[in-house]
Colleague: 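Pasting in a structure now, in structure tokens, and then I'll have a few things to ask.
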There are 2 protein chains.
Amino acid sequence: MEKQEQLRLENQICFPIYSVSRLITKAYKPYLDKLGLTYTQYLVLLVLWEENNLSVNKIGSKLLLNTNTLSPLIKRMEKNDLLTRSRSIDDERTVLVNLTEKGEALKDQASSIPQNLLNTLTNDEVELSDIILLKKTLDSWINILSRNSETSSVDENNE
Amino acid sequence: MEKQEQLRLENQICFPIYSVSRLITKAYKPYLDKLGLTYTQYLVLLVLWEENNLSVNKIGSKLLLNTNTLSPLIKRMEKNDLLTRSRSIDDERTVLVNLTEKGEALKDQASSIPQNLLNTLTNDEVELSDIILLKKTLDSWINILSRNSETSSVDENNE
DNA sequence: CACGATTATATCGTGCACGATACAAATATA
DNA sequence: TATATTTGTATCGTGCACGATATAATCGTG
């Protein structure tokens with residue numbers, strides 16, 4: 001392909017990823033509005049529903065987000081009574097995040113969301129097998145790209 | 001899959017899309033910093049390099065962005081002498097966007113960026129054929145998801 | 001034990017995204 | 001031709017993202 005040809009929007013791989021990411025967030029919105037959550041807050045809850053009592057850093061390493069994003073976000077969630085923040089006794093620098101009853105209870109209400117989204121995304125054109133393949137490529141890219149940016153690597157997930 | 005199982009971060013398709021989108025934007029940053037552009041500004045230029053003298057709306061329909069995002073963004077680009085804004089004579093409501101010489105000239109400097117990114121994203125694990133397949137799925141999703149949200153549809157691209 | 005380096009979190013500034021809303025120009029229709 | 005509706009753009013408020021920077025706690029090493 002000629003150099004200038006690669007600048008055509010149509011030939012970009014990055015643009016569809018960017019667009020789909022935004023469109024998916026928008027597709028989540030009606031479901032998350034009912035729970036009073038934003039998309040990023042929902043991601044934090046996904047992490048905490050799997051494992052409670054995590055540090056801000058740990059949540060960030062799982063979501064590939066830094067503390068300059070997470071700190072205010074988690075504070076907003078604390079304000080909304082979804083979780084509590086408390087300094088660790090072992091290490092005064094560490095802030096441990098714990099779900100409240102309200103935060104824990106949202107898990108049930110959220111449990112139908114993934115299937116609803118999946119139903120939206122699978123139709124005659126896109127089958128589940130496509131999505132599995134897609135996820136494989138994306139996961140490889142996360143590895144490649146998060147290795148390049150030294151901050152918040154994806155490999156720090158071993159306890 | 002059990003309902004609660006679908007809430008596992010690992011089983012989400014939305015999360016890797018969201019992460020890769022952010023990581024790709026970050027991967028662009030060193031290249032775009034040299035040109036004094038943000039990622040979204042680069043997208044606007046991609047559109048204008050293909051076709052100049054477009055309205056704000058038209059740019060938005062190509063990028064799936066609304067005017068509440070584009071208006072201030074385009075004004076910042078005008079401030080940076082990348083483009084000009086002028087009301088259409090035919091329709092006083094319409095703002096026509098035109099590249100300046102500086103904006104036009106950036107095309108040459110940007111022409112190597114797509115290949116650089118592609119080199120980052122293809123390796124032993126991810127081949128070009130994977131990316132072509134990926135793009136097909138994503139394009140289907142853009143159609144599905146932008147049809148659902150009535151604002152700025154993707155089908156309005158016919159002149 | 002001292003002290004420089006590292007680590008965990010937080011703050012600040014900037015630029016998106018986007019829902020809600022405003023407003024003027026253009027269009028449709030009674 | 002009035003006026004109701006639609007259309008194109010802009011503004012406002014909120015919540016991310018993220019680079020740069022600050023600060024306090026902890027660790028490493030002499």
Side-chain angles (χ1 to χ4, degrees), chain A residues 18-30 32-33 36-44 54-61 63-80 85-97 146 149-153 156, chain B residues 18-30 32-33 36-44 54-61 63-80 85-97 146 149-153 156:
Chain A
Y18 160 80
S19 298
V20 165
S21 175
R22 286 173 31 237
L23 289 169
I24 285 185
T25 303
K26 213 182 279 188
Y28 265 104
K29 194 164 191 311
L32 295 180
D33 275 353
L37 297 173
T38 65
Y39 181 66
T40 318
Q41 290 174 11
Y42 171 69
L43 289 180
V44 170
L54 292 177
S55 71
V56 175
N57 236 353
K58 195 76 189 168
I59 295 171
S61 76
L63 296 178
L64 308 180
L65 288 169
N66 279 330
T67 55
N68 51 5
T69 298
L70 281 177
S71 280
L73 188 136
I74 287 175
K75 281 191 173 176
R76 275 188 293 273
M77 294 177 77
E78 184 186 36
K79 210 173 188 177
N80 293 341
R85 293 161 63 254
S86 57
R87 293 278 164 181
S88 164
I89 300 166
D90 302 335
D91 185 340
E92 275 288 327
R93 296 169 304 175
T94 301
V95 169
L96 291 174
V97 179
S146 67
S149 66
E150 57 274 86
T151 53
S152 68
S153 164
E156 290 161 8
Chain B
Y18 159 80
S19 297
V20 165
S21 175
R22 285 172 32 237
L23 288 168
I24 285 184
T25 303
K26 213 181 277 187
Y28 266 105
K29 194 164 191 310
L32 295 180
D33 276 352
L37 298 173
T38 66
Y39 181 65
T40 318
Q41 290 174 10
Y42 170 69
L43 289 180
V44 170
L54 292 177
S55 70
V56 174
N57 235 354
K58 194 77 191 169
I59 295 170
S61 76
L63 296 178
L64 308 180
L65 288 169
N66 279 328
T67 55
N68 51 6
T69 299
L70 280 177
S71 279
L73 187 136
I74 287 175
K75 281 190 174 178
R76 276 190 293 272
M77 294 177 78
E78 184 186 36
K79 211 174 188 175
N80 293 341
R85 293 161 64 254
S86 56
R87 292 279 164 181
S88 164
I89 300 166
D90 302 333
D91 185 340
E92 275 288 325
R93 296 168 304 176
T94 302
V95 170
L96 291 174
V97 180
S146 68
S149 66
E150 57 274 88
T151 53
S152 69
S153 164
E156 290 159 10

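Computed from heavy atoms alone, side chains included, the values below leave out hydrogens, waters and symmetry copies. Proteins get letters first, then strands, A, B, ... in listed order; numbering begins at 1 in each.
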Colleague: Nearest whole angstrom, please: distance from the C1' of dC18(C) to the OH of Tyr28(A).
Modeller: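 Tyr28(A) atom OH is separated from dC18(C) atom C1' by 19 Å.
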
Colleague: Decide side-chain contact (heavy atoms from CB on, under 4.5 Å) for Tyr18(B) and Ile24(A); before the verdict, give the C-alpha distance in whole Å, the side-chain angles of both, and the deciding distance to 0.1 Å.
Modeller: CA-CA 9 Å; Tyr18(B) 159 80; Ile24(A) 285 185; over 6 Å; no

Colleague: To the nearest angstrom, how far is Leu65(A) atom CG from dA8(C) atom P?
Modeller: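 Leu65(A) atom CG is separated from dA8(C) atom P by 17 Å.
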
Colleague: Locate the shortest heavy-atom distance separating Gln41(A) from Leu37(A); write the atom from each residue and the value.
Modeller: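 In terms of heavy atoms, the two residues are closest at OE1-CA, 3.8 Å.
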
Colleague: Less than 4.5 Å apart, any side-chain heavy atom of Leu96(B) and any of Arg85(B)?
Modeller: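 Not touching, per the 4.5 Å side-chain cut-off.
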
Colleague: Do Thr94(A) side-chain and dA8(C) base share a donor-acceptor contact under 3.5 Å?
Modeller: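 No such pair is found, so the answer is no.
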
Colleague: Could you check whether the side chain of Thr67(A) and the base of dA8(C) have a donor-acceptor pair of N or O atoms closer than 3.5 Å, going by distance alone?
Modeller: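 It does not, because no donor-acceptor pair links the side chain of Thr67(A) to the base of dA8(C) below 3.5 Å.
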
Colleague: Quick check: closest heavy atoms across Val56(B) and Leu70(B), and the distance to 0.1 Å?
Modeller: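 Of all heavy-atom pairs spanning Val56(B) and Leu70(B), the closest is O-CD1, 3.6 Å.
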
Colleague: dT11(D) C1' sits how many Å from Ile74(B) CD1, rounded?
Modeller: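 Atom-to-atom, Ile74(B) to dT11(D), this comes out as 15 Å.
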
Colleague: Send over the distance from Lys26(B) NZ to dA20(D) P, rounded to a whole Å.
Modeller: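 Result: 12 Å.
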
Colleague: Rounded to whole angstrom units, what separation is found between the CG atom of Leu70(A) and the P atom of dA17(D)?
Modeller: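 So the two atoms are 10 Å apart, to the nearest Å.
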
Colleague: Go through it in stages, so that I can follow the logic: the residues are Thr38(B) and Leu32(B), the test is side-chain contact (heavy atoms from CB on, under 4.5 Å), and I'd like the CA-CA distance, side-chain angles, deciding distance and then a yes or no.
Modeller: CA-CA 6 Å; Thr38(B) 66; Leu32(B) 295 180; over 6 Å; no

Colleague: If every non-hydrogen atom of Thr25(A) is compared with every non-hydrogen atom of Tyr39(A), which pair is closest and at what distance?
Modeller: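 Heavy-atom minimum between the residues: CG2-CB, 3.7 Å.
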
Colleague: In whole Å, what is the span from the CZ atom of Arg87(A) to the P atom of dA25(D)?
Modeller: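 For the pair Arg87(A) CZ and dA25(D) P, the rounded distance is 9 Å.
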
Colleague: Determine: side-chain N/O of Asn68(B) to OP1/OP2 of dC18(C), distance under 4.0 Å, yes or no.
Modeller: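 Answer no for this pair, as no side-chain N or O of Asn68(B) is under 4.0 Å from OP1 or OP2.
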
Colleague: Between atom CG in Leu64(A) and atom P in dA17(D), what is the gap in whole Å?
Modeller: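 Between P of dA17(D) and CG of Leu64(A): 12 Å.
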
Colleague: Does dT11(D) have OP1 or OP2 sitting under 4.0 Å from an N or O in the side chain of Lys75(B)?
Modeller: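 The answer is yes; a side-chain N or O of Lys75(B) sits under 4.0 Å from OP1 or OP2.
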
Colleague: Got a list of protein N/O to nucleotides 14-16 of chain D N/O distances below 3.5 Å?
Modeller:
| from | atom 1 | to | atom 2 | distance (Å) |
| --- | --- | --- | --- | --- |
| dC16(D) | OP1 | Thr38(A) | OG1 | 2.8 |
| dC16(D) | OP2 | Gln41(A) | NE2 | 3.0 |
| dC16(D) | OP2 | Arg76(A) | NE | 2.8 |
| dC16(D) | OP2 | Arg76(A) | NH2 | 3.0 |
| dC16(D) | O5' | Arg76(A) | NH2 | 2.7 |
| dC16(D) | O3' | Thr40(A) | OG1 | 3.3 |

Colleague: Could you list the protein-to-nucleotides 21-27 of chain C atom pairs, N/O on both sides, closer than 3.5 Å?
Modeller:
| from | atom 1 | to | atom 2 | distance (Å) |
| --- | --- | --- | --- | --- |
| dA26(C) | OP1 | Glu92(B) | N | 3.0 |

Colleague: Looking at the side chain of Val56(B), which of dG19(C), dA10(D), dT9(C) is the nearest nucleotide?
Modeller: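 From the listed options, dA10(D) comes nearest.
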
Colleague: Using heavy-atom distances to pick each residue's nearest nucleotide on DNA chain C, tell me which of Ser55(A) and Arg22(A) is more 5'.
Modeller: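 Looking at the nearest nucleotide for each, Ser55(A) comes out on the 5' side.
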
Colleague: What distance separates Ile74(A) CD1 from Met77(A) CE, expressed to the nearest 0.5 Å?
Modeller: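 So the gap between those two atoms works out to 7.5 Å.
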
Colleague: Taking Val95(B)'s backbone N and O only, do any of them form a donor-acceptor pair with Arg87(B)'s side chain (distance below 3.5 Å, no angle check)?
Modeller: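 Here the side-chain-to-backbone pair does not exist.
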
Colleague: Got a sec, which residues hit side-chain contact (heavy atoms from CB on, under 4.5 Å) with Asn57(B), two or more places apart in sequence or on another chain?
Modeller: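 Residues passing side-chain contact (heavy atoms from CB on, under 4.5 Å) with Asn57(B): Ser55(B), Thr67(B).
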
Colleague: Counting only side-chain N and O atoms of Asn57(A), is one of them less than 4.0 Å from OP1 or OP2 of dT9(C)?
Modeller: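 The answer is yes; a side-chain N or O of Asn57(A) sits under 4.0 Å from OP1 or OP2.
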
Colleague: Rounded to whole Å, how long is the line connecting atom CD1 of Ile59(B) with atom P of dG8(D)?
Modeller: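 For the pair Ile59(B) CD1 and dG8(D) P, the rounded distance is 14 Å.
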
Colleague: Report yes if the side chains of Arg22(A) and Ser19(A) come closer than 4.5 Å at any heavy-atom pair, otherwise no.
Modeller: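 They are in side-chain contact.
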
